[in-house]
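Structure, as structure tokens:
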Amino acid sequence: ERFEDEPAWLAEARAAALNSYNDAALPSTKLEEWRYTDPSKLKWDRVSIAGPEVGGDDTDTAITHAAELEFAARVVQSGSRIIAVEVPSSLSERGVIIMDLALAAREHGDLVQRHLGVAAPATNDKFAAANTALWSAGVFVYVPKGVTIEAPIRIIRYIDEPGLAYFPRTLIVAGDMCSVGVVEEFVSPDFEKPAFSCGIAEVFAGVSAKVQYVALQRWGRNVHHLGMQRTHAQRDSKMDTLVVNLGATVSRMDLAASLKGPGARSDMLGLYFAQKDQHFDHNTRQNHEVPHAVSDLLYKGALDDNGRGIFSGIIRVFPKAQRTDAYQTNRNLILSREAEATSLPNLEIEADDVRCSHAATVGQLDEEELFYIMSRGIGRRDAERLVVFGFFGEVLDKLPLPGLVRELRNAIEKKITG
């Protein structure tokens with residue numbers, strides 16, 4: 001009954017997803033992509049589904065927890081509800097749509113129906129099926145052909161009630177020759193009891209579009225995060241993603257970038273910093289379905305205390321996808337003897353005229369480098385901070401959003417200094 005006002009096609013999609021959920025087996029560590037993260041770590045079976053009215057109306061509290069970024073428009077979630085949508089008339093007059101996804105399904109049904117669930121079908125995965133059946137606090141972003149939005153669109157997802165499962169959903173549709181950036185941030189206080197967030201983001205870049213999508217995960221302690229991202233890049237488009245994992249006790253990210261048209265390019269950046277007993281798992285796919293497309297992945301992680309980082313990535317070059325350029329790099333910096341990194345890059349190539357490469361490194365903190373910095377009168381903790389900043393610099397330098405770079409530096413500094 002919580003979805004009773006939705007159009008028939010959406011109700012049918014939810015019902016079909018619920019059937020898929022009931023039919024699908026729970027993934028296990030016997031599957032290669034779940035080998036290092038037992039699903040029980042996500043505590044998904046120890047929480048209740050958040051009801052439709054969970055969450056307060058205080059937008060100031062949610063915004064205070066979030067990064068201080070400039071924005072062209074802003075959407076705020078509290079609990080399982082969208083509580084604020086701020087869109088200036090200068091955008092809406094140009095045909096830009098930014099709104100609650102459930103409302104968009106009613107008011108822009110054809111547009112939403114053509115895209116929702118296309119990149120992330122519910123039949124493929126038990127958790128994807130759960131989100132498709134149960135999502136709430138959905139956000140819809142549509143940018144029409146030829147429209148350029150300079151500052152990023154911000155989505156703030158805030159929760160303050162533990163013991164519950166939340167199912168956020170994001171749908172971004174960028175028309176031909178448009179330009180847009182979206183920063184989606186996940187924030188909460190620390191909790192004594194577990195909370196579970198199971199989210200999906202689908203991002204579509206039209207012909208010659210430029211799209212940037214950033215997922216900034218800064219949940220508090222005892223939040224267990226499962227994020228699924230699916231991007232489609234059409235001909236001559238530029239599709240950039242950045243995944244940042246700093247918060248939560250356990251975070252599992254599942255990402256797939258699909259190159260759908262010749263001349264498309266997808267750059268995938270990742271940055272993670274695990275401390276104490278944090279466990280961060282990244283599973284990525286670069287799907288080259290057509291000839292003459294480019295993808296480049298760079299994920300860098302720093303691991304301290306008992307932190308655990310896992311990267312498992314695959315470049316898939318489909319038959320006939322000739323002249324593919326695809327690269328994949330994962331680098332890890334170990335800051336303590338107890339920290340652990342696992343890196344598993346892979347290639348699966350079914351075409352014979354391609355350029356593909358992958359690389360992975362796991363390195364210790366260089367004591368000589370630290371000694372050199374400390375000999376200049378800098379304490380060890382500050383010296384470690386400088387080394388970590390230098391290590392992450394390669395990722396941060398690739399970001400086109402200067403305000404976001406400043407906030408990331410601030411967030412990393414807070415983590416290092418405790």
Side-chain angles (χ1 to χ4, degrees), residues 64-70 152 154 156-157 181 183-190 212-221 223 225 227 240-251 253 268-282 297-311 329-336 338-341 343 361-366 369-370 373-374 378-418:
T64 300
H65 275 76
E68 296 179 8
L69 295 178
E70 63 168 345
R154 296 212 56 204
I156 299 170
R157 296 197 178 276
V183 178
E184 184 165 15
E185 186 174 2
F186 304 85
V187 286
S188 78
D190 294 335
Q212 294 148 3
Y213 172 72
V214 178
L216 175 53
Q217 188 275 106
R218 298 170 67 223
W219 291 128
R221 184 162 183 79
V223 178
H225 179 74
D240 297 334
T241 60
L242 168 66
V243 171
V244 181
N245 271 316
L246 297 175
T249 294
V250 176
S251 175
M253 294 298 301
M268 303 169 72
L269 297 173
L271 187 157
Y272 50 98
F273 189 0
Q275 289 179 314
K276 299 179 180 173
D277 60 347
Q278 286 181 303
H279 178 107
F280 295 157
D281 187 351
H282 309 83
L297 178 147
L298 175 63
Y299 271 55
K300 301 190 84 168
L303 307 166
D304 203 354
D305 306 319
N306 292 303
R308 182 82 197 272
I310 299 110
F311 172 84
T329 305
N330 174 230
R331 304 206 184 284
N332 296 277
L333 179 63
I334 303 294
L335 302 174
S336 77
E338 291 76 31
E340 187 176 350
S343 192
T361 59
V362 178
Q364 305 286 335
L365 201 59
D366 189 325
E369 188 178 1
L370 273 182
I373 298 172
M374 291 168 66
I378 296 171
R380 183 180 178 91
R381 209 61 179 161
D382 284 337
E384 287 185 1
R385 177 174 61 85
L386 291 171
V387 171
V388 172
F389 276 144
F391 176 71
F392 283 144
E394 188 180 3
V395 173
L396 295 174
D397 289 345
K398 290 177 180 286
L399 293 180
L401 303 169
L404 180 62
V405 174
R406 282 195 300 274
E407 280 298 323
L408 288 177
R409 289 188 181 278
N410 290 340
I412 293 165
E413 188 158 8
K414 286 177 185 173
K415 282 212 71 168
I416 296 173
T417 57

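Please read all numbers here as calculations on a predicted model, not as lab measurements.
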One should read off an interatomic distance between Asp281 CG and Phe311 CZ, to the nearest 0.5 angstrom, of 10.5 Å
One should read off an interatomic distance between Leu69 CG and Leu401 CG, to the nearest 0.5 angstrom, of 8.5 Å
In a table with atom names and distances, give each donor-acceptor pair under 3.5 Å that connects a side chain of residues 297-308 to protein atoms at least two apart or in another chain.
{"residue": "Lys300", "atom": "NZ", "partner": "Phe391", "partner atom": "O", "Å": "2.8"}
{"residue": "Lys300", "atom": "NZ", "partner": "Glu394", "partner atom": "OE1", "Å": "2.9"}
{"residue": "Asp305", "atom": "OD2", "partner": "Lys276", "partner atom": "N", "Å": "2.9"}
{"residue": "Arg308", "atom": "NH2", "partner": "Thr342", "partner atom": "OG1", "Å": "2.9"}

By side-chain hydrogen bond (donor to acceptor under 3.5 Å, both in side chains), which residues pair with [X], not counting sequence neighbours?
X	result
Glu185	Arg154, Arg218
Thr329	none
Glu184	Arg157, Thr170, Tyr213
Thr64	none

Across all chains, not counting sequence neighbours, the salt bridge (Lys or Arg N to Asp or Glu O under 4.0 Å) partners of Arg385 are Asp382, Glu413
Residues at least two apart in sequence or cross-chain that pass salt bridge (Lys or Arg N to Asp or Glu O under 4.0 Å) with Asp277, listed by chain then number, are Arg221
Applying side chain to side chain contact (heavy atoms under 4.5 Å, CB included), name anything that partners [X], two or more places apart in sequence or on another chain.
X	answer
Gln364	Ile334
Arg380	Leu365, Glu367, Leu370, Met374, Glu384
Gln217	Trp219, His225, Asn245, Ala248, Ser251, Phe280
Asp240	Gln212, Lys238, Asp267

For Ser188 and Gly220, the nearest pair of non-hydrogen atoms, with its separation, is OG-N, 2.9 Å
Closest heavy-atom pair, Val395 versus Leu271, reported as atoms and distance to 0.1 Å, is CG1-CD1, 4.2 Å
Exercise. Would Tyr272 and Asn332 count as having a side-chain donor-acceptor pair, cut-off 3.5 Å?
Worked result: yes
Residues pairing under salt bridge (charged side-chain N to carboxylate O under 4.0 Å, His left out) where one sits in residues 242-251, two or more places apart or in two chains, turn out to be none
